[in-house]
2 protein chains.
Amino acid sequence: MSSKRSETRQKLLQTTVNLLEKGQGKGVRMADIAVAAGVSRQTLYLHFGSRTELLIAATRYHDDQLDVEKRYQKVAETTNASDHLNAFIVFWGEHVPLVYNMAQALWEDADKDGAALAAWNDRMNATKTVCQLAVATIESEGLLSPSWTVETGTDFLFALLSIRNWALLTRTCGWSEVEYINRQQLVARNALFL
Amino acid sequence: MSSKRSETRQKLLQTTVNLLEKGQGKGVRMADIAVAAGVSRQTLYLHFGSRTELLIAATRYHDDQLDVEKRYQKVAETTNASDHLNAFIVFWGEHVPLVYNMAQALWEDADKDGAALAAWNDRMNATKTVCQLAVATIESEGLLSPSWTVETGTDFLFALLSIRNWALLTRTCGWSEVEYINRQQLVARNALFL
DNA sequence: ACGATACTTGACACTGTGTCAAGTAAAAGA
DNA sequence: TCTTTTACTTGACACAGTGTCAAGTATCGT
């Protein structure tokens with residue numbers, strides 16, 4: 001009967017994901033989640049110690065549903081640095097919209113809560129690693145512009161592709177997904193190659 | 001005797017600026033400011049209706065002290081698009097560190113408070129206007145890469161120079177002010193010109 | 001001396017997070 | 001079948017921080 005517990009846990013996570021995704025992540029309270037899941041507020045604290053823990057668990061849960069590894073395959077399968085970079089930016093341009101609202105909820109808490117900050121940094125480091133891979137590939141083919149080292153080039157690409165930049169360009173400036181991808185490819189290529 | 005009121009007001013603003021600048025903007029409470037200014041908490045509400053109002057007023061007060069117009073002169077005095085862009089990025093690279101902590105305090109409230117959001121957008125629009133000027137100058141000399149329109153090029157430059165990008169590159173990645181300026185100049189030039 | 005101005009004092013409402021203790025209901029185990 | 005355990009509920013409360021209110025004090029100008 002320990003399956004009832006994990007059933008409830010799953011329901012809570014799913015409800016949290018749903019609310020965060022639709023509500024733009026803004027001001028989703030513990031009470032809101034409890035009501036939406038048809039459960040008492042205290043049950044949330046029984047399963048997750050705090051709002052931050054719930055947020056982190058929900059983020060992971062959501063990630064698992066997205067099957068990121070599989071979609072990253074196309075990047076991994078490329079055979080040269082230029083294709084790799086382009087494929088990576090395509091991947092990223094398609095990935096961020098799926099993750100944005102969850103990420104936003106996390107970083108809003110990162111101001112106050114150390115655990116949320118840690119979780120946020122975790123995710124950021126993961127994406128920086130893939131940036132690093134892309135730049136290292138360019139360097140290994142001798143195509144990295146002498147203006148950059150692998151490290152600083154990675155920093156730049158990481159900043160260029162940051163989620164907040166994505167939000168600024170697509171949400172605030174109104175770029176479409178395709179425009180975002182094409183222009184970021186262009187900028188990254190012009191900056192890093194030669 | 002109405003000078004006493006404005007004296008106090010000034011003292012409150014200055015104290016707020018001091019606290020925000022040193023404290024990384026994080027968690028500066030009304031009570032903290034009141035104590036630091038040697039005044040009761042309620043006096044703050046007598047002069048400014050809310051935390052957000054105080055924050056906005058403090059930001060303006062701080063801006064006035066910085067004499068931005070004068071430091072922007074060097075940008076305005078340039079005679080061609082390339083110099084203009086370079087001078088602008090130098091200006092920006094020197095400007096952001098002075099403004100960062102205040103800006104951070106403002107945008108942290110922007111999540112919750114509509115007024116803070118409005119104030120934040122105001123500032124952002126101001127900087128976007130100067131970005132637009134830089135890109136329009138390039139275009140007017142026929143040097144803007146055909147990949148861009150003035151509008152999209154402005155969007156890009158605005159994103160590249162966003163305060164959050166600055167924070168990511170200098171604070172998180174550890175770029176020095178000089179490195180930031182040189183590399184951002186490089187990237188902007190490579191992306192926009194041709 | 002009078003009254004306005006500037007500020008103080010202390011209490012209180014409100015929101016949202018997190019905690020605690022006692023209670024219920026139903027499945028699991030003897 | 002009776003008992004224990006598990007999963008959840010209920011309602012109260014502490015706490016932080018913002019914002020409000022009413023009554024009090026001190027000082028300045030006239």
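Order of the sequence lines sets the chain letters (A, B, ...), proteins ahead of strands, with each chain counted from 1.
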Practice task
Rounded off to whole Å, could you give me the CG-to-P distance for the A:L44 and D:dA7 pair?
Solution key: 16 Å
Handout entry: Length of the CZ-P vector between A:R29 and C:dT17, whole Å
Key = 7 Å
Completion exercise
Closest to the side chain of A:R41, out of D:dT18, D:dA12, C:dC7, is D:dA12
Problem - Selected nucleotide, minimal atom distance to A:Q42 side chain, candidates D:dA12, D:dG19, C:dG16 - result: D:dA12
Handout entry: Given DNA chain D, 5'-ward residue of the pair A:S40 and B:M30, judged by closest heavy atom
Key = A:S40
Handout entry: Lys/Arg N to Asp/Glu carboxylate O, B:D63 vs B:R123, below 4.0 Å
Key = yes
Handout entry: Between C1' of D:dA14 and OH of A:Y45, the distance in whole Å
Key = 13 Å
Exercise for the section: Round to a whole Å and report the spacing from CD1 of A:I33 to P of C:dG18. Expected result: 11 Å
Problem - Electrostatic pair A:K128:A:D155 at N-O distance under 4.0 angstrom - result: yes
Practice task
Would you check if there is a donor-acceptor pair between the side chains of B:T52 and B:S50 at a distance under 3.5 Å?
Solution key: no
Exercise for the section: Round to a whole Å and report the spacing from CG of A:D111 to P of D:dA16. Expected result: 20 Å
Handout entry: N or O in side chain of A:H47 less than 4.0 angstrom from D:dA7 OP1/OP2
Key = no
Exercise for the section: Let me know the distance between CG of B:L46 and P of C:dA4, rounded to the nearest Å. Expected result: 18 Å
Problem - Closest to side chain of A:R5, choosing from D:dA7, C:dT8, D:dT20 - result: D:dA7
Practice task
Establish, for the pair A:R171 and A:W166, whether the NZ or CZ atom is under 6.0 angstrom from the six-membered ring centre and no further than 45 degrees off its axis.
Solution key: no
Exercise for the section: Using atom CG of A:D32 as one end and atom P of C:dT15 as the other, report the distance to the nearest whole Å. Expected result: 13 Å
Exercise for the section: State which of D:dA7, D:dT18, C:dG10 makes the closest approach to the side chain of A:K4. Expected result: D:dA7
